[in-house]
Amino acid sequence: MRQDPVECVFQFLCSSNNNIKRIEKMVSVLESYGSHLGSAGGFEFYQFPSIERLASIAETELRQAGFGYRAKYVVGTAKALQGKPGGGEKWLSSLRQMELGAVIDALCTLPGVGPKVAACIALFSLDQHHAVPVDTHVWKIATRYLMPELGGMSLTPKLCNRVAEAFVAKYGKYAGWAQNVLFIGELSSQKVPSAVDGTAPHAGKAVKRKRVKKDLPISGGIEEK
DNA sequence: CGACAACCTTCTGA
DNA sequence: ATCAGAAGGTTGT
């Protein structure tokens, strides 16, 4: 995707301990702080607001808009970015030249950004294709297929790293994207209670079928190009 | 370093 | 209809 890093940071800031529908709603609230670009196809388009604009928002305003405890993260991260050498925008894109570990560490200095969100930002906007965000779903996948001996344990930061390493060992330099495919398959929105044959859903018809889970849907490394 | 509660709010599954 | 638990975690103790 190579998303714009500023957008990416604030979008994933909204994602912690949250569900997709609400995340989308919150992101659209953030967008509304940017300048209106126009409308097309029934959608309104906005320039994503600048770091300066985001830093100027009152935390209470975001709370009122339904951000919950993430309101202070948005304002806090905007302000923290302003304080980075050369400004937040430049600082973020400079991370593209760094090692993954250093990128994660740097991003984790922002309030509300932990290892998982940092990995998402690194993968989706900072060219770190081997960044593997380990969340509750990926943890389930890992303990089911890759590291069954870890089943039942709680997901500690150290174990996060082991899971990420296991994904890289299996899928190679694009492990982050493999993770993304597996992650989406794990979402409850992609599943249904009955069904059994693993047939792909009909295009256009909202027929959902549950994938039969026997082995990892993706086997072997991802080919280069 | 690991475990654990707290945190806002909405949606889901039983 | 209702309600505990989960939801693309992070932070402080």
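Bear in mind the structure is a predicted one, so any value in this text is a computation, not a measurement. Every heavy atom of this structure was used, including side-chain atoms; hydrogens, water molecules and symmetry mates were not. Every chain is numbered from 1 and lettered A, B, ... according to where its sequence line falls, protein lines coming before strand lines.
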_Pairs counted only when both distances fall under 3.5 Å, Watson-Crick or G-U: show me the 5' to 3' dot-bracket for DNA chain B, [ ] for pseudoknotted crossings and | for other-strand partners._
..|||||.||||||
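- Checking dA3(B), dG8(C), dT10(C) against the side-chain heavy atoms of Cys120(A) singles out dG8(C) as nearest.
- Along DNA chain C, the nucleotide nearest to Val117(A) and the one nearest to Lys140(A) differ in position, and the one closer to the 5' end is contacted by Lys140(A).
- The stretch residues 107-114 of chain A touches DNA chain C through Leu110(A), Pro111(A), Gly112(A), Val113(A), Gly114(A), each having a heavy atom within less than 4.0 Å of the strand.
- Relative ring orientation between Trp177(A) and Phe124(A) is described as perpendicular, the plane-to-plane angle rising above 60° on a 0-90° scale split at 30° and 60°.
- Close to dA7(C), at under 4.0 Å from its OP1 or OP2, lies no side-chain N or O of Ser15(A).
- Side-chain proximity of Asn17(A) to the nucleotides dG9(C), dG2(B), dG8(C) is greatest for dG9(C).
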Ignoring hydrogens and angles, write down the donor-acceptor pairs under 3.5 Å from the side chains of residues 53-62 of chain A, residues two or more places apart or on other chains.
{"residue": "Arg53(A)", "atom": "NH1", "partner": "Ser56(A)", "partner atom": "OG", "Å": "2.7"}
{"residue": "Ser56(A)", "atom": "OG", "partner": "Arg53(A)", "partner atom": "O", "Å": "2.6"}
{"residue": "Glu61(A)", "atom": "OE2", "partner": "Tyr33(A)", "partner atom": "OH", "Å": "2.7"}

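- For Lys116(A), taking side-chain heavy atoms from C-beta onward, the closest of the listed nucleotides dC7(B), dG2(B), dG8(C) is dG8(C).
- Comparing dT10(C), dT9(B), dC1(B) by their closest approach to the side chain of Lys158(A) singles out dC1(B).
- Scored by the ring pair (Phe, Tyr, Trp, His ring centres under 6.0 Å) test, Phe183(A) finds His137(A) as partners (sequence neighbours excluded).
- Applying the ring pair (Phe, Tyr, Trp, His ring centres under 6.0 Å) definition to pairs two or more places apart or across chains, none involves residues 84-117 of chain A.
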For residues 101-111 of chain A, run the donor-acceptor check on the side chains, cut-off 3.5 Å, and write out each pair with its distance to 0.1 Å, sequence neighbours left out.
{"residue": "Thr109(A)", "atom": "OG1", "partner": "Lys84(A)", "partner atom": "NZ", "Å": "3.0"}
{"residue": "Thr109(A)", "atom": "OG1", "partner": "Ala106(A)", "partner atom": "O", "Å": "2.6"}

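- Qualifying side-chain hydrogen bond (donor to acceptor under 3.5 Å, both in side chains) partners for Glu44(A), counting only residues two or more places apart in sequence or in other chains: His36(A).
- Glu149(A) CD: more than 12 foreign heavy atoms inside a 6.0 Å radius.
- With sequence neighbours excluded, the residues that form a side chain to side chain contact (heavy atoms under 4.5 Å, CB included) with Lys140(A) are Thr136(A), Arg144(A), Glu186(A).
- Taking Ile, Leu, Val, Met, Phe, Trp and Tyr as members and joining any whose side-chain heavy atoms lie under 4.5 Å apart, directly or through other members, the hydrophobic cluster of Phe43(A) also contains Leu37(A), Phe45(A).
- Nucleic acid contact class of Pro115(A) (heavy atoms, under 4.0 Å, all strands): sugar-phosphate only.
- Relative to the side chain of Phe183(A), the nucleotides dC11(B), dG8(C), dT10(C) differ in distance, and dG8(C) lies closest.
- Applying the ring pair (Phe, Tyr, Trp, His ring centres under 6.0 Å) definition to pairs two or more places apart or across chains, none involves residues 49-69 of chain A.
- Near DNA chain B, meaning a heavy atom under 4.0 Å away, the residues from residues 61-74 of chain A are Arg63(A), Gly68(A), Tyr69(A), Arg70(A).
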Throw together a table of side-chain donor-acceptor distances under 3.5 angstrom for residues 1-13 of chain A, partners on residues two or more places apart or in other chains.
{"residue": "Arg2(A)", "atom": "NE", "partner": "Asp127(A)", "partner atom": "OD1", "Å": "2.8"}
{"residue": "Arg2(A)", "atom": "NE", "partner": "Asp127(A)", "partner atom": "OD2", "Å": "3.4"}
{"residue": "Arg2(A)", "atom": "NH2", "partner": "Asp127(A)", "partner atom": "OD2", "Å": "2.9"}
{"residue": "Gln3(A)", "atom": "NE2", "partner": "Gln11(A)", "partner atom": "OE1", "Å": "2.7"}
{"residue": "Asp4(A)", "atom": "OD2", "partner": "Val6(A)", "partner atom": "N", "Å": "3.1"}
{"residue": "Asp4(A)", "atom": "OD2", "partner": "Glu7(A)", "partner atom": "N", "Å": "3.1"}

